[in-house]
Structures are given as structure tokens and as C-alpha cells.
Amino acid sequence: MKLFIASALMLLAPALALAQTPAKPETKAAAKSEAKAAAKPAAKSDAKSAKGSEKASAKKAVAKSEPTSSRTQLKSATNQVAAGIIAAEAALSPAELAIADRVHTGRMPCELGAFVTVTAEPATPGHFHVEGKGFKYFMSPVATTTGTVRLEDQKGGAVWLQIANKSMLMNQKAGQRLADECMSPEQQLVAEAIKKNPPVSVLEPISK
């Protein structure tokens, strides 16, 4: 009986071995399918989180750009208003513009080797830059009763006076004459003519 059982077991052993060996591939396939199934939700969740972060960053960028654009618009509007106020203040009357037409411009020699340069400002008609060594003024014409051409820089306290034969620059605040005997080419001609034919003084007696 023992021999019969032993021989039966020997015959069944290969069958048991064959039955046990296919279990390994099935286990590997099951593991792979489980890994794929787990990877898909993880990939989907990663993609969703990436999309969510992109949307959040885009919203932040839009939120940041909106205040910047509004500030830029506000700054530009403020600058426009300021420019309008300056232009309105700088606007001259017809009489003042007529005085401005008579102003001599250019680089003019003055006494003691000094020079004064008078330049018209194209942005604000009738206004002038008057500058030299150690000073620079922005001036506008002022009407006078004597007909003398007068330019003033009210902030700087400077006055430019132009008569037929010369011009002079004074600082009224300091009570100082900055330049004298300044002459444009036209004024030099008048000065030479006066030297040749000096005007009669009202104090001199009239010759008979």
C-alpha cells in the first residue's frame, strides 16, 4: 500500500508543478494592470493640479497688470492736466505777443567780455530762455508805458531790458546788474549811428 501511494505521488508531482508555474505571469500581469490603473489617476491629478496652478498664476498676473495699467492711466491724465494748466498760465495776450516779436535773439556780446544768449522757446510762443555764465532764466514779455522791451522771470526775479542801442540783465531780488551793454547786430548799428550823430541833450542851450 505504501508503495502504491508513493508511486501515485511521484506521478502527480509533475502535474502539480505544471499547475503552480503559470501563476507567476498572472501575478505579474495583475501587478502591471494595478500599477497602470494607479498611474492614470495620479497622472490625471497631476495634470489637474498643473492646470489649476497655471490658472491661478494667470489670474495673479491679470490682477497685477490691472492696478499697473490704472496707475499708468492716472499718471498720464495727471500729466495732461498739469500740462494744460501750464499752457493756460503761459498763454500771452496779443499785446504781449507783439512785444515778443521785437525781442532780439542770439548770442550777444556784453561789457567786460561777458555774453548773454537769448533763445525763443518753440513750445510756448512768446517765451525766451536768457542765459549766460552763472545764470539761466525763463522769461516772458511784460508791457511797459515807455515802449521798452521788457522780459521777466518772476520766479527767478530777473529782468531783461532791451532798448534801441543796448540790452541789460538785472536781478531784482539781489539788486544786482548781471550784464550790461549787451548788443545784437541791430543794436550795434544803432549804437554806431548814435556815436556818429549824438542826439542833442535837452540840457544844452539851443544854438542860434
Side-chain angles (χ1 to χ4, degrees), residues 68 70-208:
T68 306
S70 62
R71 283 178 188 171
T72 305
Q73 290 174 358
L74 181 62
K75 217 178 250 188
S76 144
T78 306
N79 291 337
Q80 287 176 1
V81 171
I85 292 170
I86 292 169
E89 289 178 349
L92 300 176
S93 67
E96 290 169 335
L97 288 172
I99 295 168
D101 289 338
R102 296 164 53 200
V103 174
H104 297 304
T105 57
R107 190 169 183 263
M108 305 176 200
C110 309
E111 67 176 0
L112 304 176
F115 287 90
V116 172
T117 303
V118 180
T119 310
E121 172 54 57
T124 51
H127 292 74
F128 300 87
H129 296 280
V130 179
E131 54 189 310
K133 188 177 180 181
F135 59 85
K136 184 175 183 180
Y137 300 105
F138 185 61
M139 298 188 161
S140 56
V142 176
T144 62
T145 55
T146 59
T148 301
V149 173
R150 181 185 178 100
L151 301 178
E152 288 186 6
D153 182 341
Q154 293 182 354
K155 290 182 181 178
V159 177
W160 175 257
L161 296 174
Q162 174 189 304
I163 57 177
N165 62 328
K166 67 175 184 177
S167 298
M168 66 185 74
L169 179 66
M170 295 185 297
N171 187 330
Q172 288 185 327
K173 283 185 178 179
Q176 181 184 5
R177 188 172 294 186
L178 301 176
D180 199 1
E181 300 288 337
C182 304
M183 296 183 192
S184 66
E186 296 90 338
Q187 289 171 315
Q188 287 176 0
L189 292 174
V190 175
E192 287 174 6
I194 290 173
K195 281 181 183 179
K196 290 177 182 178
N197 299 302
V200 179
S201 172
V202 293
L203 300 176
E204 290 180 2
I206 300 174
S207 58
K208 294 181 181 179

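Residue numbers count from 1 along this sequence.
- The minimum heavy-atom distance between Trp160 and Ser167, with the atom names listed, is CZ2-CB, 3.2 Å.
- Atoms CG and CG, on Leu97 and Leu92 in that order, are 5.0 Å from each other to the nearest 0.5 Å.
- The shortest side-chain heavy-atom distance between Met139 and Val103 does not fall under the 4.5 Å cut-off.
- Rounding to the nearest 0.5 Å places CZ of Arg102 at 13.0 Å from CD of Glu186.
- Between Lys166 atom NZ and Met183 atom CE the span is 7.5 Å, to the nearest 0.5 Å.
- Note on ring orientation: taking the six-membered ring where Trp is involved, the planes of Phe138 and His129 are tilted (angle from 30° to 60°).
- Atom CZ in Arg107 sits 11.5 Å away from atom OG1 in Thr119 (nearest 0.5 Å).
- Between Lys173 and Gly156, the shortest heavy-atom distance links the atoms CD-O, 4.0 Å.
- The closest donor-acceptor contact from the side chain of Glu121 to the backbone of Ala123 lies under 3.5 Å.
- Checked by atom type and distance alone, the side chain of Glu96 never pairs as donor or acceptor with a backbone atom of Ala143 at under 3.5 Å.
- Atoms SG and CG, on Cys182 and Leu161 in that order, are 11.0 Å from each other to the nearest 0.5 Å.
- Scanning all heavy atoms of the two residues, the minimum distance from Ala100 to Gly126 falls at CB-CA, 3.6 Å.
- Under the 3.5 Å distance criterion, the side-chain polar atoms of Glu192 are left unmatched by any main-chain donor or acceptor of Leu189.
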Kindly determine whether Phe135 and Asn171 satisfy side chain to side chain contact (heavy atoms under 4.5 Å, CB included), including the steps that lead there. CA-CA 10 Å; Phe135 59 85; Asn171 187 330; over 6 Å; no

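- The closest side-chain heavy-atom distance from His104 to Val118 is not below 4.5 Å.
- Between Tyr137 and Leu169, the closest side-chain pair of non-hydrogen atoms falls below 4.5 Å.
- Of the inter-residue distances, the one linking Glu181 atom CD with Glu111 atom CD reads 5.5 Å to the nearest 0.5 angstrom.
- Other residues, nucleotides and ligands place no more than 12 heavy atoms under 6.0 Å from the CD atom of Gln154.
- Residues Ile194 and Pro199 are in side-chain contact: their nearest non-hydrogen atoms beyond the backbone lie under 4.5 Å apart.
- In plain terms, the two heavy atoms of Ile163 and Gln187 that are nearest each other are O-NE2, 3.0 Å.
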